[in-house]
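Read the structure below first, then the notes.
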Amino acid sequence: QVQLVESGGGLVQVGGSLRLSCAASGRIFSTYAMGWFRLAPGKEREFVATINWSDGRTYYADSVKGRFTISKDNAKNTVYLQMNSLNPEDTAVYYCAVGRDRFVPPRITDFGSWGQGTQVTVSS
């Protein structure tokens with residue numbers, strides 16, 4: 001069972017940047033992907049970005065393309081989310097998870113082993 005711990009959230013002003021980290025304990029199989037998802041007040045949890053653990057292919061939600069970058073360090077079992085040009089609509093709890101990127105866009109239901117989440121708040 002993979003356990004995930006997110007960090008790096010915080011309060012930032014519009015246009016600012018944050019870098020989230022997600023450290024995984026346990027083995028991540030090469031056929032898996034790791035992803036970032038977010039949950040904003042009054043909304044459903046939504047897909048943000050995923051990265052395939054083997055070949056590094058990435059997928060992004062349209063709302064974050066060009067602003068967010070997902071990356072990984074296989075040796076550290078860690079995935080990152082660099083978030084630039086943040087706006088108030090990015091305010092949410094961000095979660096990482098491990099799963100399968102079988103579909104485009106990846107489906108939340110294909111991911112599990114959710115971390116506890118990290119709060120990102122963008123002030124205007």
Geometric cation-pi criterion Arg19 and Tyr80, 6.0 Å radius, 45° cone: yes
Does Thr91 use its side chain to pair, donor to acceptor, with the backbone of Val122 at less than 3.5 Å? yes
Identify whether the distance between the nearest side-chain nitrogen and carboxylate oxygen of Arg107 and Asp101 falls below 4.0 Å. no
Check the pair Trp36 / Phe47 against side chain to side chain contact (heavy atoms under 4.5 Å, CB included), numbers first and verdict last. CA-CA 7 Å; Trp36 286 98; Phe47 154 73; over 6 Å; no
Scanning both residues in full, the closest heavy-atom pair of Phe111 with Pro106 reads CE1-CB, 4.0 Å
Going by the side-chain contact (heavy atoms from CB on, under 4.5 Å) test, name the single residue among Thr69, Thr50, Val48 that passes it with Tyr60. Thr69
Which value, rounded to the nearest 0.5 Å, describes the distance between Gln3 atom CD and Ser25 atom OG? 4.5 Å
Carefully, step by step, assess Asn77 and Lys72 under the rule side chain to side chain contact (heavy atoms under 4.5 Å, CB included). CA-CA 8 Å; Asn77 257 20; Lys72 63 183 178 69; over 6 Å; no
Any chance you could measure Met34, atom CE, to Ser71, atom OG, to the nearest 0.5 Å? 11.0 Å
Under 4.5 Å between side-chain heavy atoms, counting indirect links through other Ile/Leu/Val/Met/Phe/Trp/Tyr residues: same cluster for Val98 and Ile51 or not? yes
Can you tell me how far the CZ atom of Phe68 sits from the OG atom of Ser85, to the nearest 0.5 Å? 9.0 Å
Rounded to the nearest 0.5 Å, the CD atom of Glu46 sits from the OH atom of Tyr95 at a distance of 12.5 Å
Rounded to the nearest 0.5 Å, how far apart are CD1 of Ile70 and CD of Gln82? 12.0 Å
In this structure, is the centre-to-centre distance between the rings of Phe37 and Trp114 below 6.0 Å? yes
Same cluster or not: are Tyr94 and Leu39 linked, directly or through other Ile, Leu, Val, Met, Phe, Trp or Tyr residues, by side-chain heavy atoms under 4.5 angstrom apart? no
CG of Leu4 to SG of Cys22, rounded to nearest 0.5 Å, is 4.5 Å
Under 4.5 Å between side-chain heavy atoms, counting indirect links through other Ile/Leu/Val/Met/Phe/Trp/Tyr residues: same cluster for Leu20 and Val14 or not? yes
What's the shortest heavy-atom distance between Gly26 and Val2, and which atoms? C-CG2, 4.5 Å
Ignoring hydrogens and geometry, is there a side-chain-to-backbone donor-acceptor pair from Glu6 to Cys96 under 3.5 Å? yes
Cluster check Val79, Leu18: I/L/V/M/F/W/Y, side chain < 4.5 angstrom: yes
Measure from the side-chain N and O atoms of Arg57 to the backbone N and O of Trp53, and report whether any donor-acceptor pair falls under 3.5 Å. no
Treating Ile, Leu, Val, Met, Phe, Trp and Tyr as nodes and any side-chain heavy-atom pair under 4.5 angstrom as an edge, say whether Ile108 and Val64 lie in one connected cluster. no
Given side chain to side chain donor-acceptor pair (under 3.5 Å), test Asp73 with Thr78 step by step and report yes or no. CA-CA 5 Å; Asp73 186 329; Thr78 300; over 6 Å; no
Quick one: do Arg38 and Ser63 satisfy side chain to side chain contact (heavy atoms under 4.5 Å, CB included)? Show the steps, please. CA-CA 12 Å; Arg38 64 188 181 185; Ser63 59; 3.5 Å; yes
For Val12 and Ser17, what are the C-alpha separation, side-chain angles and deciding distance, and is it a side chain to side chain contact (heavy atoms under 4.5 Å, CB included)? CA-CA 7 Å; Val12 64; Ser17 299; over 6 Å; no
